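A quick write-up on the structure given underneath.
Note that the structure is predicted; figures quoted are calculated from it, not measured. Every chain is numbered from 1 and lettered A, B, ... according to where its sequence line falls, protein lines coming before strand lines.
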Amino acid sequence: MNAVGRFPESLPALADSPLAVRGLSASYGGKPAVIDADVTIVPGTLSAIVGPNGAGKSTLMKAVLGLVPRQTGDVTVFGQPLTRMRHRLAYVPQRASVDWDFPVRVLDVAMMGLHRELGLLGRVRPHHRARAEAALDRTGTLDLARRQIGQLSGGQQQRVFLARALAQGADLFLLDEPFAGVDAATEATIMSVLKSLRDEGKSVVCVHHDLSTVADYFDRLLLLNRRVLAEGPVDLVLTDRNLQATYGGRLSVAQLAAIR
Amino acid sequence: MSAFLDALLLRTGYNAALVSVGAMLLGLAAGAAGTFMVLRKRALVADAMAHATLPGVALAFLAMVGLGGEGRALWGLMVGAAGTALLGLLAVDRLTARTRLPEDAAIGAVLSVTFGAGVVLLTVIQTMSAGQQAGLEGFLLGSTAGMLRADALTIAAGGLVAGAVIWVLRRPMTIVAFDEGFATATGIDVVRVDRIGMILVLFVTVAGLRIVGIVLVVALLIIPAVAARFWTDRTSVMFWVAALIGGLSGWLGTALSAAAPGLPAGPLVVLVAATIFALSLFLAPRRGVVARAVAARSSSGRLDPSEAARWIALRHMEPTSPLIDEDDGRTPLSALLPPDRLAALDRGPV
């Protein structure tokens, strides 16, 4: 019998999964932040990791990437250990995690996405620059290419971060709160880029906090509050019982009604 | 004045010229290494390392005298300095990682304790009759008097190697300093890049002891980098500008010191760097104080009402126009659009 909130019949074989996590635990500031999490991303889907503040959403993503140490757990990316698959993965950190007064221009940030290919001494050739510019164009920030990043609005900064990930040419995209503090136009732009990535067969995972948009934006949903409480297709997972379990019974009837 | 000119043009003798070239290469490497440290926001760790070199210098002197030497071989003193500087760095790292001490407190503790220990050892040495201890206190503020050709070559080589390593690692260093999480996710070994950066700073610090001195060498790491920041918005350019400012400071500073014997080289090098910083602070285009004041002044003039109305009309009629980004409250739309488009805006929506 399946555990509550699990839909394993829809899961791919582990070796095919863009990202498979088994039994991951990690702590943050000495307290357990994520306990025994299993995650299986389905190829060619948009997935959201959703939960209340302090539920360990970002920590889960960071632990997967090795940015915070894992206490237990295995991570495979396209069936292989992460260290051998980093070239197929792109990460978009929270916008607030960097100093935007840093001396780089928008195009320099996009070029960072090509770092693995350029290596230490590789010359920047016109086709490298063209790829970075195409990535900026796709997020609507090509006009800003020569600006210092501190001159951008929050939404423009977030789109430049997404462009850097696009320039990497990855197959799996991990985004930490891509819609936090951005304007509505940016949210729409980012979402259309993510959907087009999905339509190209790539896999996208977002840490997300806005319950009201989950059903519109995403194909699959993982509900997290330190433990994974449900994982599967959005329409199956987004139930009152799962949400109350995730949010500790704190959602009102009106809030629940607004979600679906 | 002519003595200064001679020193500038390296005409004051072979040794003085070597010292100037050595100081220039040292300043170059210090500017570049300092850029990484400043952007990584760890510049003060370098100060703790610099102060932690003093006990190493003294211990190396004692060891060399104990082995029957004069105790003044620069390479020997540099090895000793690097040893205790590394211990100081480890102490800061451990105190920050293993205790609740914040990094600035750990830096303060290590800096003062190691420097205190060094001063005590230096005092002990001065009461001894063995070895040629005279000149050892020159390491505090730097001194070019009595510097040998081999000393200058050692310093120049150290500066050159450090500069070359930074040039090779400039891309990962930029990414690590800007966005540590992204760097790790793309497979850059952040810990290793940080460690190499620290070793480079150690290299520069130890190489700079003889000329600039323990107390001031951190200035040669920080000042060129922060001065360079005024001139550019790109890290790749900032590395070069900082290296240039550092090299210029080393060269001018030692030339001044050679022209006015008795004035210590270290403080002069630092004062030259500080002068360049002050000039950058005031005169740099866009980021400088003067440029900002001018920009603030000209932006206080408001547009006349008809131009303001055109901007509002544009926003109503073409809400997605890229021109809207250009609206800074003082640029008239008539400077950006041809007359027929302006006329259409003036007519308003149909």
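Atom CD of A/Gln168 and atom CZ of B/Phe182 lie 4.0 Å apart (nearest 0.5 Å). Between B/Arg287 atom CZ and A/Gln148 atom CD the span is 6.5 Å, to the nearest 0.5 Å. The line from CG of B/Asp179 to CZ of A/Arg95 is 13.0 Å long, rounded to the nearest 0.5 Å. Considering OH of A/Tyr91 and OG1 of B/Thr184, their distance stands at 9.0 Å, rounded to 0.5 Å. A distance of 5.5 Å separates CH2 in B/Trp167 from CG in A/Leu121, rounded to the nearest 0.5 Å. Expressed to the nearest 0.5 Å, how far CG of B/Asp233 lies from CZ of A/Arg146 amounts to 11.0 Å.
Counting only distance, with no hydrogens or angles, the side chain of B/Arg171 and the backbone of A/Gly119 share a donor-acceptor pair below 3.5 Å.
Using a 4.5 Å cut-off between heavy atoms, B/Ala183 makes no contact with chain A at all. Contacts of A/Ile149 with chain B are made by side-chain atoms alone, with heavy-atom separations under 4.5 Å and no backbone atom involved. In this structure, the portion of A/Leu144 lying under 4.5 Å from any heavy atom of chain B is its side chain and not its backbone. For a residue to count as touching a neighbouring chain, one of its non-hydrogen atoms must lie under 4.5 Å from one of that chain's; by this rule B/Thr174 touches chain A with backbone and side chain alike. Contact of A/Arg105 with chain B is made through backbone and side chain together, with heavy-atom distances under 4.5 Å. For a residue to count as touching a neighbouring chain, one of its non-hydrogen atoms must lie under 4.5 Å from one of that chain's; by this rule A/Val64 does not touch chain B. At a 4.5 Å heavy-atom cutoff, the contact between A/Asp101 and chain B is made by backbone and side-chain atoms alike.
The neighbour count for A/Phe102 CZ, taken as heavy atoms of other residues, nucleotides or ligands under 6.0 Å away, is above 12. Atom CZ of B/Phe277 has more than 12 heavy atoms from other residues, nucleotides or ligands within 6.0 Å.
When side chains are defined from C-beta on, B/Leu39 counts as touching A/Pro103, because their heavy atoms get closer than 4.5 Å. Counting only heavy atoms from C-beta outward, the side chains of B/Arg234 and A/Leu107 never approach each other to under 4.5 Å.
In plain terms, the two heavy atoms of A/Asp99 and B/Phe178 that are nearest each other are O-CE1, 3.9 Å. The shortest heavy-atom contact between A/His115 and B/Pro172 is CE1-CD, 4.0 Å.
No other option in B/Leu169, B/Thr186, B/Ile188 has as many heavy-atom pairs under 4.5 Å with chain A as B/Thr186. For the options A/Leu65, A/Leu89, A/Leu118, heavy-atom pairs under 4.5 Å to chain B are most numerous at A/Leu118. Chain B forms the most heavy-atom pairs under 4.5 Å with one residue out of A/Met111, A/Met112, A/Arg164, and that residue is A/Arg164.
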